[in-house]
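Computed from a predicted model, the values in this text were never measured in an experiment. Each chain gets a letter, A, B and so on, in the order its sequence line appears, and its residues count up from 1.
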Amino acid sequence: MRSAPVILHLDLDAFFTAVEQLHKPSLRGKPVVVGGVGGRGVVATASYEARVFGIRSAMPTAEARRRCPNAAYLYPRFPAYRDCSLAVMALVREVTPLVEQVSIDEAYLDLTPTHPGAGADEVAAVAEGLRARIRATTGLTASIGAGTSKLVAKIHSDLAKPDGLALVPAGEEAARLAPMSVRAIPGVGPATAARLAVHGVGTVGRLAELGADEAVRLLGRAHGTQLHAFALGLDEREVVTERAAKSVSAETTFDVDVTDRVRLGRHLRELAERVGERLRKDGLSGRTVVLKVRRHDFSTLTRSTTLDQPTDDVALVVQHAGRLLAGLDVADGLRLLGVGVSGLSLYTQPDLLDGLLDAPEPPVRAAAGDEGGEEFVRPDAGGGAASQIAGEAEPEVTLAEGPAPAGTPTWRAGQDVTHAEHGAGWVQGSGVGRVTVRFEGPHTEVGRIRTFAADDPALAPAEPPVWHAQAEAEAGPG
DNA sequence: TCTGGGGTCCTAGGACCC
DNA sequence: TCTGGGGTCCTAGGACCC
């Protein structure tokens, strides 16, 4: 446990509706609801003016309309929210590089790197400074919780809302948490709260008194252990800057239940196309295809099948998901259809791979700076990268300007990661100043390049300079 | 009131292997 | 020949979060 409250949790207040009110002054001071506006829509965010009427997130929009017919009901504009989020997160990263963005409107910060030895007063000043800059540059208000752990920071950003700061001095965690409802703990939802209530546990303090063994008996091994530790104010989770995606999915709820298999098939293809698009954009492929359906009675089923090889091929996803769907009874109607891919790995493109492996070695020139004209990075110039693999493995590869060898796959401008592993291969792109080469596991075949969407002309670099790099490395000892 | 869409993590049983 | 136990993978479902 840290000895000072250097972990912050920042949460933008009523984010979606705040952006709408920012962009449209006539909405300011008025009840605004952002969410699904169709017959089966639910509320994503209600402005504070709308919350006065009892409107809450996840409430059916129909119910919200009953409570406040005069509110503005808006369909979400995610691109606008993403832009605002990027602006805020840029300010956040000026405070510390140790930022874990957990959603479009939330992030944890660890101030240790930039404010070593900071006490509560300094942390409070940093947090207030950040809140002020967010307001001044974006017009949005943020609430911040500060404590010695993610848990305490998270719980207190909620208590600070709206537009506030709540800081818990080191040593006061358990006492602060004890009187709170167990529902204040992240991970305690309706089901867990109900199970605890049966045993007379309603507060965090009572959960702490219960003891770890009893908590495990009631809630299962993982959940029980974790929640009991939380109840004592114990939380050793680190702030981590990057987490790899584990699945990609798309789903849709129909306005009216669907029984027609032809229509379902069309929706299935659309959903698979969305999944495929995202897989390729992120340079991923997955081995398990998952079909999800929700029936007329709201019961949910999933069916999955695991392939021999990871794929991002829409046709293949459609084929397997379609087979899974064919095995289900849809006579009573489906209200939701979803398709997903899990078991993700960094993407390989077999045809490109073959071409590359069969192709003659690309010309190797002097390392950057040695000669005029085209400059390629010499494979051994990346030797530093290879030597880092055995460690934690995100070596950077220097880029050189100039044309890359024929057949070199392209990554999308602005996409900050390309992948090569355990071998050499060329990559190129534009608009990005550096390439990070990421290595997975000790297991992959030599010579594989994992990347890109080279077959998509829309992704080809339009503007010079065109960069290329040779990513070169060897397997570490594992 | 009648329940979105995108995710994560956990549990449990069965298959399979050693 | 029969039996046991542990580990891993796969599948399905459920709780939870924003």
Side-chain angles (χ1 to χ4, degrees), chain A residues 9-16 33-46 53-68 75-76 78 81-82 85 101-108 150 154-155 157-158 182-196 216 219-227 237 240 243-255 257 271 274-275 278 282 286-308 320 324 327-328 335-344:
Chain A
H9 181 257
L10 175 138
D11 200 335
L12 295 166
D13 300 323
F15 180 51
F16 293 177
V33 176
V34 170
V37 292
R40 287 172 166 176
V42 299
V43 173
T45 309
F53 295 88
I55 299 175
R56 296 285 181 272
S57 293
M59 174 183 282
T61 304
E63 167 67 7
R65 283 188 197 275
R66 244 164 268 141
R67 292 177 185 241
C68 184
Y75 194 78
F78 287 106
Y81 309 150
R82 202 150 35 228
S85 174
Q101 189 174 344
V102 285
S103 73
I104 195 166
D105 65 347
E106 259 184 71
Y108 289 100
K150 284 179 158 184
K154 165 87 178 158
I155 289 175
S157 69
D158 239 17
V182 290
R183 285 300 308 271
I185 300 177
V188 178
T192 303
R195 197 172 293 185
L196 289 171
V216 166
L219 306 175
R221 176 146 195 84
H223 213 204
T225 307
Q226 166 120 100
L227 292 182
R237 292 171 302 161
V240 293
R243 269 184 297 183
K246 300 249 179 353
S247 66
V248 172
S249 65
E251 63 188 54
T252 187
T253 293
F254 308 119
D255 285 337
D257 294 354
L271 294 165
R274 273 157 57 190
V275 169
R278 295 233 309 281
D282 295 338
R287 208 158 77 81
T288 301
V289 175
V290 185
L291 177 81
K292 174 178 173 181
V293 304
R294 182 118 72 207
R295 296 188 288 199
H296 64 102
D297 62 355
F298 212 73
S299 60
T300 305
L301 303 180
T302 62
R303 293 291 180 268
S304 65
T305 183
T306 298
L307 318 177
D308 290 341
H320 287 282
L324 296 170
L328 295 176
R335 66 176 288 145
L336 174 147
L337 184 66
V339 177
V341 166
S342 64
L344 299 183

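- Mapping A:V248 and A:A62 onto DNA chain B via the closest heavy atom, the residue that lands nearer the 5' end is A:A62.
- When heavy atoms are screened at a 4.0 angstrom cut-off, A:R243 is found touching no nucleic acid atom at all.
- Within the 4.0 angstrom heavy-atom criterion, only backbone atoms of the sugar-phosphate kind lie near A:A245; the bases stay farther away.
- Between A:D11 and A:S157, the shortest heavy-atom contact is CB-OG, 4.2 Å.
- When heavy atoms are screened at a 4.0 angstrom cut-off, A:V43 is found touching no nucleic acid atom at all.
- Contact annotation for A:T192: backbone-only contact, meaning every heavy-atom pair under 4.0 Å involves sugar-phosphate atoms and none involves a base.
- Nucleic acid contact class of A:A222 (heavy atoms, under 4.0 Å, all strands): sugar-phosphate only.
- Qualifying side chain to side chain donor-acceptor pair (under 3.5 Å) partners for A:D257, counting only residues two or more places apart in sequence or in other chains: A:R40.
- In terms of the side chain to side chain donor-acceptor pair (under 3.5 Å) criterion, A:T253 has no residue partners (sequence neighbours excluded).
- Contact check of residues 292-300 of chain A against DNA chain B (heavy atom, cut-off under 4.0 Å) returns A:R294, A:F298.
- For the strand DNA chain C, secondary-structure stems (runs of at least three Watson-Crick or G-U pairs, all distances below 3.5 Å) span B:5-18 with C:5-18.
- Using a 4.0 Å heavy-atom distance criterion, A:I104 is classed as making no nucleic acid contact.
- Heavy atoms of A:R65 sit nowhere under 4.0 angstrom from any nucleic acid atom.
- Nucleotides of DNA chain B nearest to A:H223 and A:L336 differ in position, and the one nearer the 5' end is that of A:L336.
- A:V188 comes within contact range of the sugar-phosphate backbone alone, with a heavy-atom separation under 4.0 Å but no base atom that close.
- Where DNA chain C meets chain A (any atom under 4.0 Å from a heavy atom), the bounding nucleotides read 5' to 3' are C:dC10 to C:dC18.
- Using a 4.0 Å heavy-atom criterion, one finds that A:R287 contacts the sugar-phosphate atoms exclusively.
- Within 4.0 Å (heavy atoms only), A:A64 reaches no atom of the nucleic acid at all.
- Taking A:F15 as the reference, nothing meets the ring-ring contact (aromatic ring centres under 6.0 Å, His included) condition, with sequence neighbours excluded.
- Counting only residues at least two apart or on different chains, the salt bridge (charged side-chain N to carboxylate O under 4.0 Å, His left out) pairs with a member in residues 291-305 of chain A are A:E251-A:K292.
- Proximity of a side-chain donor or acceptor of A:T305 to a complementary backbone N or O of A:V289 within less than 3.5 Å is not detected.
- Within 4.0 Å (heavy atoms only), A:T61 reaches no atom of the nucleic acid at all.
- Residues meeting the side-chain contact (heavy atoms from CB on, under 4.5 Å) test with A:A250, sequence neighbours left out: A:L271, A:R274, A:V275.
- Under the rule for a ring-ring contact (aromatic ring centres under 6.0 Å, His included), the partners of A:F254 that lie at least two apart in sequence or sit in another chain are A:H267.
- Looking at heavy atoms from C-beta onward, A:H320 lies out of side-chain contact with A:T288 at the 4.5 angstrom threshold.
- The side chain to side chain donor-acceptor pair (under 3.5 Å) search around A:S57 returns none, not counting sequence neighbours.
- No contact: A:G36 has no heavy atom under 4.0 Å from any strand.
- Partners of A:R237 by side chain to side chain donor-acceptor pair (under 3.5 Å), not counting sequence neighbours, listed by chain and number: A:D235.
- Across the C1' atoms, B:dT3 and C:dC16 are found 16 Å apart, a figure rounded to whole Å.
- When the side-chain contact (heavy atoms from CB on, under 4.5 Å) test is applied to A:Y75, the partners found at least two apart in sequence or on another chain are A:V37.
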